[in-house]
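Below: the structure, in structure tokens.
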Amino acid sequence: MNTTQTLKGELLAAIQINLVKADYEGEVNKALKDYQHKATLPGFRQGKVPFAMIKKMYGQSVLLEKINQKVSEALNNHIIENKLNIIGYPLPELGKEPNDLDNQEEISFYFEAALKPDINVNLKDHQIDDFNIKASEDEIDRTIKSIQDNNKVEEQAAELNEELFDKIFPGQEVKDIETFRTKVAVEMEKQYKAEAERMFYNRAIDKLVDEIKFDLADEFLKRWIVENSEGKISAEDVEKNYEFGYVKSLRWQLIEEALVKQNPDLVLKEEEIRDFVRSMYFGHMDLSTMDDETKERLDNIIDAIIKDEKQRENINNQLADKKLATYLRENMTVNVVDTNYDGFVKAVLPQVEMPEAKETEEDKAE
């Protein structure tokens, strides 16, 4: 068996695997003999079915199985030994599929593999607005009106009095409208801050994907997306949505990998995962007042949570996004913009221009 590699441009590797009969013939015969020992057919005792009959019945499927196994092992070993940094997995090269496997002394298999480009990211080169959102008087008025409407008394909007203040902010000694307005504004701005942080991360991703330029083996990747979809996506769908759909997420994945490679601290550590779970589920509890037995029970609960594969994946994604968002905020060139919520929405969401209303004949008559 022999494996060779050539480059088809900078981002596409061609891998050729040559097998000779000696590479797989012994394993094929051994597998067929195992079938022979176990086979039971009418007119023959177990283990006494003629080998020629077993070969006729199972020879082709066993041959394909062993050849595929050998080729797969050779391909994986080549990737590992040569430290190929590839996207996805290799695909058979079109137009070079082997045939008549039974009657060839040597069989050649041809694959293509997309190579990851070298990406170096200097975040300071990328400028982005961040928003410090303060509640405007109009926005506070609208929120208070909504609170009154949602707390109706006998179908009438609730009055702005101590009864309502205590219902909305129990135990906080809110006695007058001005204090109530201040409390409402603080809560609004907490929500604004959380929304601005979420939006910052999404916008930072979009900006980096747009501004960091690198080539990809696009034609190969289009075929790879179709193959990877298991029949759910057509070549026409990929062609139509490639640039603004499929490849956008791939570009961000490659940029994210480059950032993690440049900054190993972004790699999640086990203790960070445990701390995140502890905070998420038990953040309201004062660990300093717990005895050792209670702490051990909490640790056992955390163990059970992170052993669940789905939960762990979800936690890993949340924590990785949180770490990366903080890193982007600290390292990109950030311009802080003071604004109210309406200004924030106008700045970050695409504005749709409404078509001008056409004047009707009735309008003209009026």
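Only heavy atoms go into these numbers, but all of them, side chains included; no hydrogens, no water, no symmetry mates.
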Does [atom1] belonging to [X] count more than 12 external heavy atoms closer than 6.0 Å?
| X | atom1 | answer |
| --- | --- | --- |
| Asn335 | CG | yes |
| Gln172 | CD | yes |
| Asp292 | CG | no |
| Asp291 | CG | yes |
| Glu10 | CD | no |
| Glu257 | CD | yes |
| Glu230 | CD | no |
| Glu97 | CD | yes |

Residues [X] and [Y] bridged, charged N to O under 4.0 Å:
| X | Y | value |
| --- | --- | --- |
| Lys207 | Asp210 | no |
| Lys240 | Glu236 | no |
| Lys222 | Glu219 | yes |
| Glu313 | Lys310 | no |

Determine whether a donor-acceptor pair (N or O, by modelled atom type, separation under 3.5 Å) exists between the side chain of [X] and the backbone of [Y].
| X | Y | answer |
| --- | --- | --- |
| Asp130 | Val334 | no |
| Thr333 | Lys124 | yes |
| Glu139 | Asp342 | yes |
| Asn76 | Glu73 | no |
| Asn161 | Glu163 | yes |

Give me the atom names and distance for the closest heavy-atom approach of [X] to [Y].
| X | Y | result |
| --- | --- | --- |
| Ala135 | Glu189 | N-OE2, 2.9 Å |
| Val209 | Ile255 | CA-CD1, 4.0 Å |
| Ala114 | Leu221 | CB-CD2, 4.1 Å |
| Asn18 | Gln16 | OD1-NE2, 3.0 Å |
| Phe214 | Pro117 | CD1-CG, 3.6 Å |
| Asp166 | Gly171 | OD1-N, 3.4 Å |

Could you walk me through whether Glu270 and Ile306 pass the side-chain contact (heavy atoms from CB on, under 4.5 Å) test, one step at a time?
-> CA-CA 10 Å; Glu270 189 67 20; Ile306 62 180; 3.5 Å; yes
Rounded to the nearest 0.5 Å, what separation is found between the CZ atom of Phe111 and the CD1 atom of Ile17?
-> 5.0 Å
Under the side-chain contact (heavy atoms from CB on, under 4.5 Å) criterion, do Leu259 and Leu328 qualify, and how do the steps go?
-> CA-CA 10 Å; Leu259 287 170; Leu328 295 180; 4.1 Å; yes
Do [X] and [Y] have side chains that approach each other closer than 4.5 Å (heavy atoms only, starting at C-beta)?
| X | Y | result |
| --- | --- | --- |
| Leu254 | Lys116 | yes |
| Ile225 | Leu250 | no |
| Val184 | Ile168 | no |
| Pro90 | Ile79 | yes |
| Glu173 | Thr179 | no |

Ignoring hydrogens and angles, write down the donor-acceptor pairs under 3.5 Å from the side chains of residues 50-72, residues two or more places apart or on other chains.
from, atom 1, to, atom 2, distance (Å)
Ser61, OG, Tyr58, O, 3.0
Asn68, ND2, Leu64, O, 3.2
Lys70, NZ, Glu27, OE2, 2.9

With sequence neighbours left out, what residues match [X] under side-chain hydrogen bond (donor to acceptor under 3.5 Å, both in side chains)?
| X | value |
| --- | --- |
| Thr182 | none |
| Glu243 | none |
| Glu272 | Lys323 |

With sequence neighbours excluded, give me every salt bridge (Lys or Arg N to Asp or Glu O under 4.0 Å) pair touching residues 144-156.
-> Lys145-Asp149
Output, in order, the C-alpha distance, side-chain angles, deciding distance and verdict of side-chain contact (heavy atoms from CB on, under 4.5 Å) for Ile305 and Ile315.
-> CA-CA 10 Å; Ile305 291 169; Ile315 290 164; 3.8 Å; yes
Would you say [X] and [Y] are hydrophobically clustered, going by side-chain heavy atoms of ILVMFWY under 4.5 Å?
| X | Y | result |
| --- | --- | --- |
| Tyr327 | Leu208 | yes |
| Val345 | Met188 | yes |
| Leu266 | Leu268 | no |
| Ile87 | Leu75 | no |
| Ile86 | Leu94 | no |

Partners meeting ring pair (Phe, Tyr, Trp, His ring centres under 6.0 Å) with Tyr89 (sequence neighbours left out) | Trp224
By ring pair (Phe, Tyr, Trp, His ring centres under 6.0 Å), Phe165 pairs with (sequence neighbours left out) Phe180
Side chains of residues 191-198: which donor-acceptor pairs under 3.5 Å do they make with residues two or more places apart or in other chains?
from, atom 1, to, atom 2, distance (Å)
Glu195, OE1, Tyr341, OH, 3.2
Glu195, OE2, Tyr341, OH, 2.9

Take Ile212 and His126, measure what side-chain contact (heavy atoms from CB on, under 4.5 Å) needs, and give me the verdict at the end.
-> CA-CA 9 Å; Ile212 297 173; His126 304 279; 3.8 Å; yes
Using distance only, find each side-chain donor-acceptor pair of residues 33-49 under 3.5 Å and give its atom names and separation, not counting sequence neighbours.
from, atom 1, to, atom 2, distance (Å)
Gln36, NE2, Val49, O, 2.9

Within residues 131-158 or reaching into it, pairs that qualify as ring pair (Phe, Tyr, Trp, His ring centres under 6.0 Å) - sequence neighbours excluded = Phe131-Phe344
For residues 230-252, pull every pair meeting ring pair (Phe, Tyr, Trp, His ring centres under 6.0 Å), keeping only residues two or more places apart or in separate chains.
-> none
Those residues that, when tested against Asp206, pass side chain to side chain contact (heavy atoms under 4.5 Å, CB included) (two or more places apart) = Lys248
Dump the intermediate steps for salt bridge (charged side-chain N to carboxylate O under 4.0 Å, His left out) on Glu187 and Lys183, then the final yes or no.
-> CA-CA 6 Å; Glu187 293 303 314; Lys183 291 277 189 184; over 6 Å; no
